Every structure is written in C-alpha cells, then in structure tokens.
Trainee: 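The structure's right below; bear with me while I get my questions together.
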Amino acid sequence: MIQFESVSLGYGDKVVVSDINIAVPEGKTMVILGDSGSGKSTLLKGVLGILHPMSGRITVDGDSVGDLDEKDILLYRQRIGMVFQEGALFDSLTVGENVGFWLWEHTDWPDDRIEERVRTLLRFVKLEDVIDKRPEALSGGMKRRVAIARAMAPQDPKVMLYDEPTTGLDPFTSRSICDLIRQVQAEFRVMSLVVTHDLHDAFRVGDLFSFIHDSKVILTGDRKTIEESKDPFIRTFLST
Amino acid sequence: MKLFLEKMADIVETVGDFALMVFKGFRYMLTHFRTGDTLIQMDRIGVGSIPIVFLASIFAGLDMALQFEVVMAPYGARALLGKVVTTSIIRDMGPVLASLVMLARVTAGISSELGMMNATQQIDALRVMGVDPLDRLVAPRIFAGIVMMPILSISGDFLALLAGMGISTAIGHVPAPLFWSGVRDALTAQNLTNAFLKPVFFGFILTSIGCFYGIRSSGGAYGVGRSVTKAVVAAAIWILVANFLLSKLLINIWGLS
Ligand SMILES: Nc1ncnc2c1ncn2[C@@H]1O[C@H](COP(=O)(O)OP(=O)(O)OP(=O)(O)O)[C@@H](O)[C@H]1O
Ligand SMILES: [Mg+2]
C-alpha cells in the first residue's frame, strides 16, 4: 500500500501541496488529476524520496520513505518504476542501453544475460526492433514505451509511477499507452500512481481518482464518486 | 544592508555547494573510476579540441614573434627573440589562450549538455535509478579536463614556437639555429612547471564550472541559456585569476629567474 499521511511537500519554504491524505491499495491504480502546476509531479517526487515531506509521512508497504538512509533508499527504489514526463530517456545512449542501464550499473550480469532481459522488456512494450536506435529517432509514444520498459528493468517492480504518460500524444497513441499501463498492472500486480490532466485517459487506466486543487486533495474516490460529485471545480473538469 | 547580507550568504552557499561537488567528484574518481565514460569525455574534450587549440596557438606564435621583433630589433636584441617568445608562450600565453578558446567547446558544451539533461529530467532519472550524477557525469568530465588540458596546451606551445621560429627566420632575419638556442635557454624548470601546472588547473576550472552550473540549472531552455552564460563568464574570470595566482606562486618559489 502507498499511503500519504497529512503530507506537505514543497521547495525551499514554498509549500506546493499540503495536508495530503491518500492511499493506494495493493494492486490498484490511482490517478491523480489536477491543473498544470498544481503539484502532481511533486507528489511523485515525494514517493521517490527525491523530495522529503515538510510534514507528515509517505509510506510504501510500511517503509516511511523520508526516513530511509542513503543505502536503504537505493534498495527501496529498486521496487519502484518511474516513468517521467516525456520519458527522460538518456539521449546519449541507445534504446537498449537505456533499458539495460540499471542492470549495467547494479548487477554483474554478463552482457548476453542483460541483452536478453532488455529484449524481453522491449518485446513486452512491442518495440524490440528499435533496440539500437537513439531516443531522438523515436516518436513521443515510442519514447514512453521505452521509458516504461526501462522502469521495469530492475526486477518486476511493486510500484509504478507515471508522470503524464499520455501528454502530447494523439488519441490513438494515448490509448495504446493506457492499455500498456493496464497490462503492466494486470501482469505484475503492481500498485500504480498515474498523474494526468486528461480525464478520458484517467478513466481508462484508473481504479481510484484524486483531484488536486489549490494545493489540497479535494476529492478521492472511484469513478462513480467522481461523476456524482457536485464540487464546481470537478464539474468543470468533467465537462471538458 | 539586508540585501548585501543575503547576497553574501548566497555566495557562501554557492562556494560551499561547489566545494562539495568537487570533493565528491574526486572521491568518485578514486573509489569508483569509470574507464568507459572517462575515455569518451577525454575524446570529446581533448581530441575534439585539437584543431581549435592548434590553430589559435599557431597564430599566437606568429603574432608574438612579430611583435617582439618590433620591440627588440632597435636594440639589436634579435638574438634574444627565441628566448623571449618562448618564455611568454610557455609561461602565460599558451596555457591561457588554449584554455580561453576551450571555453566555448568545453565549458559551454558541458553546461548546456548537463543543463538540458536536467531540464528533461534525465538527471532525476539517474538518481532514481540509484546513480549519483556526480559519479556518472561530473567525475569523468573533470578527470578528462585535468588530463587533456596539459597535453593540448603543451602541444599548442610547441606549435606556437615553430610558428614563431618560422616567421622570425622568414622576415625577421633571425636564423633558425639562433632562435632555437634561445628556445632552449628558456626551457628552465620554472617555465616548464608553468607550462605543465597551469593547464592542469585550467582544465579543472573549465570542466568543474561547466558541470556545476549545468547540474544546477533550472527552468527549461531559458534556464539552460542562463547557466551556460554564467558558466562561461565564471570560468573565464577564474582562469585569469588562477593564472595570476599561479604565476605569483611559481615566482615566489623560484624567484625572478
Ligand atoms: N525544482 C523546483 N523548485 C522550485 N519550485 C518548483 C520546482 N519544481 C516545481 N516547482 C513548483 O511547484 C509547483 C508544482 O509543480 P509540479 O511540477 O509538481 O506541477 P504539476 O502539477 O506536475 O504540473 P504539470 O502538469 O505542468 O507537470 C509549481 O508551481 C512549480 O513552479
Ligand atoms: Mg508535472
């Protein structure tokens, strides 16, 4: 379970989100919705332990992320797959090297074993043929797929985090990325946090939904709760 | 007054961050040397800069020989030309010029590359995957700068001297052997130490400042642009400051020989 307990996060003395209380149950996908700049990516940084809560705590399977020391945080992050906004692929490396990066860095596996794992992962995201290409030669959708494969490389992860996985993609490609996210969840039984501002995609991938507005979570619930909400902000969000 | 104090606090903090980056970078070089990444950087920083450094050195050598000849000929001191040209090239002109022409390639190149990596979250991605950017990105670049800069600078010095000798014999009526014996006279321990030590420091300045501003940049393309400007200006100033300080230090050690 991923749990936020009265969490505030920010940069310097600037508070971006405050008093966040949300929980993602085992095997479920929660979608975080909110305007640009509302602090969605900031929440993910909290889960990753890149940013420490100003108050409250974030726990993943009982580990309080902010309290892990330098060594434990590395072990902790092995259980987490992060798909960054736009993919954040290393553009000096090939697709294969990107996907195998973690294995090169942290295991002493022989080359052929790494390559085999990389191929398996790329096959899973249906991109085995671009293994030797550079990221700049890929379309936006392909980059997201590679980023998903890279995020799953350490081992079969327990938690997947996706930062706007469909932003900037055409509807058809968005849909295929959403399907892939669902497929990862179904096959690996992961908990996922998906950040987006697209409601259609949210409903396509999510089991639970949280709306952030004015630095607070204003509503959390399943699709029905959201659709029946009378909150004016959510009504506007739903009507777009 | 408050603003002044804040500014001072900022400067202290920046210097502290820089020192920490450098300390950790060197620690990684010692504990976790990355041969592959370092060779790539040596190739990019060093081999890639050969044409521009060599070209700059040749023209500097030509020009110095020309100008000193103008000053010295009336005193009948042509015989000293080789010594004077050599001394000024290997003590100051060579290392400083080579470093300044490398600003664009090395400092601007590194700060924009790392700045873009930061803006596109590649640096966050490294951290998330359990790799310290100081280990993977910074240490190999600083090491490459420290090793390659002396090699480039000293080769450049040599070309500058050949060029100086060429023009002196061609239009200055100083026979090559005379010029060359002046060169040999100038190859003193102090001058050679200058020639070697300065580029080591300058290579460090060029790369470490590029890394520092690149990794700290924020705010997309605009932020990267600002970081590159800051890095280049800071590196240029620090090269000139370090040059003066090193000159002074070496003169103190050897005296005015
Ligand atoms: N490194 C940082 N330093 C200072 N402020 C930051 C930093 N990163 C983000 N912020 C600020 O925090 C706020 C929330 O940013 P965040 O990136 O979490 O928003 P977001 O909801 O992900 O937006 P988007 O949909 O545009 O990605 C913004 O006001 C932003 O200016
Ligand atoms: Mg964001």
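Letters A, B, ... are given to chains in the order of the sequence lines, protein chains preceding strands, and every chain is numbered from 1. Since the structure is predicted, the reported quantities are computational estimates derived from the model, not experimental observations. No hydrogens, no waters, no symmetry mates; every other heavy atom, side chains included, goes into these values.
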Trainee: Only one of Arg77(A), Arg150(A), Glu105(A) passes side chain to side chain contact (heavy atoms under 4.5 Å, CB included) with Met129(B); say which it is.
Mentor: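 For Met129(B), the side chain to side chain contact (heavy atoms under 4.5 Å, CB included) test succeeds with only one of Arg77(A), Arg150(A), Glu105(A), which is Arg150(A).
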Trainee: Counting only heavy atoms from other residues, nucleotides and ligands, does the tally under 6.0 Å from CZ of Phe158(B) exceed 12?
Mentor: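 Count not over threshold, so no.
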Trainee: Can you establish whether the number of heavy atoms outside Phe90(A) located under 6.0 Å from its atom CZ is more than 12?
Mentor: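 Buried by this count: over 12 neighbours within 6.0 Å.
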Trainee: Which answer fits Leu126(B), side chain, backbone, both or neither, if we ask what part of it has an atom under 4.5 Å from a heavy atom of chain A?
Mentor: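 Backbone plus side chain of Leu126(B), per the 4.5 Å heavy-atom cut-off to chain A.
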Trainee: Measure across Ala88(A) and Ala125(B) and return the closest heavy-atom pair with its distance rounded to 0.1 Å.
Mentor: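 That would be O-CB, 4.0 Å.
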Trainee: Got more than 12 heavy atoms from elsewhere within 6.0 Å of CG, Asp69(A)?
Mentor: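 Counting other residues, nucleotides and ligands, CG of Asp69(A) exceeds 12 neighbours.
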Trainee: Step through the shown structure and confirm whether more than 12 heavy atoms of other residues, nucleotides or ligands are within 6.0 Å of CZ on Arg189(A).
Mentor: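 Not more than 12 within 6.0 Å, no.
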Trainee: Verify, without hydrogens or angle tests, whether Glu86(A) (side chain) and Thr120(B) (backbone) share a donor-acceptor contact under 3.5 angstrom.
Mentor: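 No: the side chain of Glu86(A) does not pair with the backbone of Thr120(B).
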Trainee: Is atom OH of Tyr11(A) surrounded by more than 12 heavy atoms (other residues, nucleotides or ligands) closer than 6.0 Å?
Mentor: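 Result for OH/Tyr11(A): enclosed.
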Trainee: Which residue is it: Leu44(A), Ile50(A), Leu161(A), Ile80(A)? I am looking for the one with a side chain to side chain contact (heavy atoms under 4.5 Å, CB included) to Val128(B).
Mentor: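 It is Ile50(A); the other options fail the test.
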Trainee: Counting only heavy atoms not in Leu30(B), do more than 12 sit closer than 6.0 Å to its CG atom?
Mentor: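 Atom CG in Leu30(B) is crowded, with more than 12 foreign heavy atoms closer than 6.0 Å.
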Trainee: Please determine whether side-chain contact (heavy atoms from CB on, under 4.5 Å) holds for the pair Phe101(A) and Arg136(B), giving the CA-CA distance in whole Å, both sets of side-chain angles, and the decisive distance to 0.1 Å.
Mentor: CA-CA 12 Å; Phe101(A) 185 84; Arg136(B) 166 100 193 181; 3.4 Å; yes
Trainee: Ignoring hydrogens, what is the shortest heavy-atom contact between Leu89(A) and Gln122(B)? Give both atom names and the distance.
Mentor: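 Distance-wise, the nearest heavy atoms are O-CD, 3.2 Å.
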Trainee: With only heavy atoms counted, which part of Leu103(A) is less than 4.5 Å from chain B, the side chain, the backbone, both or neither?
Mentor: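 When you check distances to chain B, no heavy atom of Leu103(A) falls under 4.5 Å.
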Trainee: Non-hydrogen atoms of chain B under 4.5 Å away: do they reach the side chain of Glu70(A), the backbone, both or neither?
Mentor: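 Neither part.
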Trainee: Mark yes when over 12 heavy atoms from residues, nucleotides or ligands other than Phe244(B) sit less than 6.0 Å from its CZ; otherwise mark no.
Mentor: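 No - once you tally the heavy atoms of other residues, nucleotides and ligands closer than 6.0 Å, there are 12 at most.
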